[in-house]
Enquirer: 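Below you will find the structure I want to go over with you.
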Amino acid sequence: MRGLDSALLRADIRRAFTNMSFFVAMIISCGLALWSAGLAITSYLEWQALSDGVGWVTSQEWVGSTITGAFASWMVVGAGDPFVSGMFFFVMPLLCLMPYAWSLEDDERTGYIAHLRTRFGNIPILVSRYLAVFLSSGAVVSIPLVLNIIVLAPFMPLNQPDVTTNLYLGISAQELWAHEFFSNPVLYIVLNTALDFVLCGFWGCLMMSISLYVRNRVVLITCPLVITAVFRLVNNYVFDVFDVNGFRFNLTDLLYQSALTYWRTAVPTACFVALLAIASALLVLSHRNREWL
Amino acid sequence: MSAFRRSIARLVRALGSGAFPWILAIASFILLEAILLWKFSLVGLPARSITFGDLVAAWCGGMQFYRRESGLPFIPPFEWFLLCLAMLYIPLRGATADLEGYGRLLLVKMGSRWRFWSQRFACTVTATIAYWLLGLLISFITCLFIGGRLTLGVTDDAVMVLLFDISNGPVAPGIGTKVAVFLVGAAAMSVALACLQLTLCFAFSRVVAYTVSAAMLFTSAFFPFRFLPGNYLMLARTAAFVPDGVDPLAGLIGAAACAFACYLVGGALFHRIDIIERGAGHDR
């Protein structure tokens, strides 16, 4: 039995990227990205007006060129707008599931999978669905992030971040890709977008696998938020209790740099991605002998 | 068995429906109170200095209003939101359950759709109030266990530890009464939200109802608007702690009006609904 059928994969990808839920998720996430960009640009223009002495008040504070630049104002760094960017990453564990992550449970209920099963084996069905969910969930987070920097770029300076202004940003040397941010910010954006894509992609696949075990739809929708909230709660307190220097190990805080918690370091981030990937793959494979009736 | 006794049995079933949200709520209450105790020990304060009000504030404190001009990143109140999700789920399961079988029989026995709707409404109200009573009970037991003071007053230490707005100076005297008023207002607002959820259950589906009520709480965490119900469920946002905070009494009046409107609208809706069709899809 083949592991993947290209026709089935094409059909799944087409369904994942052309359904109404995908458009709704994209409208919400892109709306938040544009809102965040708007706030950051407004903040920058207000700062410029103060610096230029427009009106009756001027600011003498020097904050360097980094903090008011497009790279620092990008949502993941969040210096321009900490508010909407925080909202964006808080809802993302739920939003990235909207396009296609719950489709397997839906299709089982409607009998679509049972029809597919007459033509394809279980493995091609599960693998193509896994890939389609991975791509659609990743797209929901990565496209708005790219849109955000595209909107910021024409309005704000794109100069290379200055490491001496790090006081205002709080990106420490131990943080993930801190060196890239100050040396090659475009690469930093590419790497972070890819990381968020992978995190949300695997998260979507994990929830897709769980959806076949949880029959209650309300629980199914609540499950991602509850899991992320519990993970975050444990992550934030367990290191404090043992009085050790901790690291981030939960989905919400790993998605962006500016979360006011522990450092986002390389090894725990890689371990978290691997954990999501392995758990989702194992759970999906656990359905390989499913009857779909 | 009379219809009334069946109704009571149904009420008990609704309250005990699904252990998961109750376990989640109890675990969260205990966890948040344990975190408060631990934070007190970190700053060198004895557990005996904690009051009953402090323990209550640990799980219904929420977060203070976010001020953009502070420049600090916004950190959503995950713990508070988790508890609210559990609170909203508790009455949800019983709302549209058993409509096609047992419920239909009960409806015939009762002889009136309005009576049946009133019974479902009472289940929802009772389940939501039970959540608040459970929280208070756990705080009370914890307070007795640690030898704390049995007063509803919130101490300055707790205000500092729970990251309430401390720019207004020390806690004013008579805060215990204000906390009591907050608890009544917050419970009433929760009931109103649960009633709205019940009405939406019959108007649309359980998923839509739950999503709408959760979304209202979620937006409350971000925005300080008075019409968002979540603001009345956070002690840190009441006028007792911030000058521009919400008034629990205003929330109480608004909640009562909302619950009454839901009763009327939901009842009228239930009067003409096809319960067989609704019941068959209740678990979706």
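In what follows, chains carry the letters A, B, and so on, assigned in the order in which the sequence lines appear, proteins first and then strands, with residues in each chain numbered from 1. Computed from a prediction, not measured in an experiment: that's the story for all the values here. Atom set for the values below is all heavy atoms of this structure, side chains included, hydrogens, waters and symmetry mates excluded.
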Enquirer: Can you list the residues of residues 83-91 of chain A that sit under 4.5 Å from chain B, counting heavy atoms only?
Expert: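 From residues 83-91 of chain A, the residues near chain B are Phe83(A), Gly86(A), Met87(A), Phe90(A), Val91(A).
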Enquirer: Which pairs, with at least one residue in residues 31-42 of chain A and sequence neighbours excluded, count as a side-chain hydrogen bond (donor to acceptor under 3.5 Å, both in side chains)?
Expert: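 Residue pairs passing side-chain hydrogen bond (donor to acceptor under 3.5 Å, both in side chains), neighbours aside: Ser36(A)-Asp81(A).
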Enquirer: Is the shortest heavy-atom distance from the side chain of Phe81(B) to the side chain of Leu225(A) under 4.5 Å?
Expert: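 When only atoms from C-beta onward are counted, Leu225(A) and Phe81(B) do touch, with a gap below 4.5 Å.
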Enquirer: I need the contact set between residues 215-234 of chain B and chain A: heavy-atom distance under 4.5 Å, sorted by residue number.
Expert: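 Phe218(B), Phe222(B), Phe223(B) fall under the 4.5 Å cut-off.
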Enquirer: Counting only non-hydrogen atoms closer than 4.5 Å, can you tell me which residues of residues 25-47 of chain B sit against chain A?
Expert: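 Listed by number: Leu31(B), Ile35(B), Trp38(B), Lys39(B).
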Enquirer: Drop me the distance from Leu94(A)'s CG to Thr211(B)'s OG1, to the nearest 0.5 angstrom.
Expert: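 Reported to 0.5 Å precision, the distance equals 8.0 Å.
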Enquirer: Looking only at heavy atoms, which two atoms of Tyr66(B) and Pro82(A) are closest? And how far apart?
Expert: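 Taking every non-hydrogen atom into account, OH-CG, 3.4 Å.
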